[in-house]
Each structure stands twice: as C-alpha cells, then as structure tokens.
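Written below as structure tokens is the structure these notes are about.
We're numbering straight along the sequence, starting at 1.
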Amino acid sequence: RGSVKIDPEALVRMFQAEEEKRDMERRKSLNFLNKAQKKSEGIKLLSDERARNIAIKLKRLPVATTDLAEKLKNLTWEFQDLSSDDLEQILTVIPTKEEGDKLREFIVPEARLRLRDVEQMVLPLALLPRCAARIRLLCIARTSKQLFTTTTRQLAAIRVACQSIQTSQ
C-alpha cells in the first residue's frame, strides 16, 4: 500500500478553526443568557413560573399587549391580528385580582420601568377593567358571526326544500 502523507499544519489549522467556532458559539450563548438575565431584572410581582408562562404566551402573539388592550377596550372584534385560539390563550395570562392590584400600584410610567419585563408586558391587561369578560365577548362575537352564516345557509336550504314540496303538489 502507498504511504499517506499527513500535513500537520493543515491539521492544526483545522482544529483551530473548530475551536474558534466553539468559542464564538459560547460567546453567543453567554450574550443571549446575559440579555435574558438583564430582562428579568426589576421588581418581581409574579412568581417566576407564572411569569415564564405569561412571557411564553405573550411573546407568541403577533400583537403587543398595549395594542391588544386598546382593541379590547374598544371591543374591536373584527380585527384579524389574533385568532380565537389566541384570545383563549390570553385568558390564561390575565392577572388575577391580587396580581392586578399589585401591578396597578405601578401605573406611573417611572414606576413601570422598575418592573421586570414580564410585568411590564402584562400591565396593560391588568389596567383594563373586566379584561376577561371582554375577551370572552370577542370570542362569542366572532363565533356567532360564523354560526349565523352557517345557520342562514342551512335555513335557506330548508326553505328551498319546503318550497319544492309546496309546488310539487
């Protein structure tokens, strides 16, 4: 068999490149972790587990909570930014009465800035009176429109059938 020549310098360059990649990935991870930790700084009014669940659900929404609170305040059920499923999910993140009372103490903009990012995100929902009832009302309004359309079609089909029976005699 033939001899294989190994270039030691090429091996060193290859392994150095791998080490540099790993170092860059570590730096990215540390930067991401540091950013996440900075966001969690501030006054904590919600338990860490509840705050994590709220953050996950609110960050998945395609609309900011301030915009959402405005839509809910005006009962704008026609807006298509959120699905009915999204609205159902929002019901689970609305602050409880006790949480809302604590959050409402931070109504002043300077005080809000002292809150953790999750509390700042959920604050507009806490400030909105009867938020859960508004969300349920929007869900009902959306489904009732679909239900009305479906029922109207079915009744039209029954009416046509009845007219056919009457004229066939």
Quick one, D86 with V63, criterion side chain to side chain contact (heavy atoms under 4.5 Å, CB included). Give me CA distance, side-chain angles, the key distance, then yes/no. CA-CA 10 Å; D86 291 334; V63 67; over 6 Å; no
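- Taking CD of E88 as the start and CZ of R136 as the end, the distance is 9.0 Å to the nearest 0.5 Å.
- Here CG of L82 is found 11.5 Å from CD of Q89. Values are rounded to the nearest 0.5 Å.
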Chi angles and distances behind the side chain to side chain contact (heavy atoms under 4.5 Å, CB included) call for R104, L127: CA-CA 6 Å; R104 281 190 278 286; L127 296 175; 3.7 Å; yes
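- Shown here for I6 and P8, the closest heavy-atom pair between the two residues is O-CD, 3.0 Å.
- Between D48 and R52 no salt bridge is recorded (no basic side-chain N to carboxylate O distance below 4.0 Å).
- Using a 4.5 Å cut-off on side-chain heavy atoms (C-beta onward), I94 and V122 make no contact.
- Residues L138 and T76 approach most closely at CD2-C, 4.0 Å, considering heavy atoms.
- At least one side-chain heavy atom of C131 sits under 4.5 Å from a side-chain heavy atom of L72.
- Under a 3.5 Å cut-off, the side chain of T149 and the backbone N or O of K145 do form a donor-acceptor pair.
- Of all heavy-atom pairs between I135 and L87, the closest is CG2-O, 3.4 Å.
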Applying salt bridge (Lys or Arg N to Asp or Glu O under 4.0 Å), run through D101 and K97 and close with a yes or a no. CA-CA 6 Å; D101 291 342; K97 181 179 178 348; 3.3 Å; yes
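- The main-chain N or O of K73 is found under 3.5 Å from a side-chain atom of R134 such that the two form a donor-acceptor pair.
- With a 4.5 Å cut-off on side-chain heavy atoms, R112 and I107 count as touching.
- Between L113 and Q120, the shortest heavy-atom distance links the atoms O-NE2, 3.6 Å.
- When every heavy atom of G100 is checked against every heavy atom of P95, the shortest pair comes out as N-CB, 3.9 Å.
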Run the numbers on I90 and L125 for side chain to side chain contact (heavy atoms under 4.5 Å, CB included), then give the verdict. CA-CA 9 Å; I90 294 167; L125 299 177; 4.3 Å; yes
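- You'll find the side chain of D117 reaches within 4.5 Å of the side chain of K59, heavy atoms only.
- With salt bridges taken as basic N to acidic carboxylate O contacts below 4.0 Å, one links R116 and E119.
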Are L115 and L45 close enough, and set up right, to give a side chain to side chain contact (heavy atoms under 4.5 Å, CB included), and what steps lead you there? CA-CA 8 Å; L115 290 172; L45 301 176; 3.6 Å; yes
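- Rounded to the nearest 0.5 Å, atoms CG (D67) and CG (D81) are 8.0 Å apart.
- The NZ atom of K71 sits 11.0 Å away from the OG1 atom of T66 when rounded to the nearest 0.5 Å.
- The distance from the CD atom of E18 to the CZ atom of R13 is 14.0 Å, given to the nearest 0.5 Å.
- The CZ atom of R60 sits 11.0 Å away from the CG atom of L58 when rounded to the nearest 0.5 Å.
- With hydrogens and angles left out, the side-chain atoms of E70 and N74 include a donor and acceptor closer than 3.5 Å.
- Both I43 and L46 are members of a single hydrophobic cluster when ILVMFWY side chains are connected at heavy-atom separations under 4.5 Å.
- Side-chain contact check for I54 versus R50: some heavy-atom pair is nearer than 4.5 Å.
- Within the 4.5 Å cutoff, no side-chain heavy atoms of T65 are placed close to those of L123.
- Follow the hydrophobic side-chain contacts under 4.5 Å out from F106 and you reach V108 in the same cluster.
- Looking at Q146, its side chain never comes within 3.5 Å of a backbone N or O of T143 through a donor-acceptor pair.
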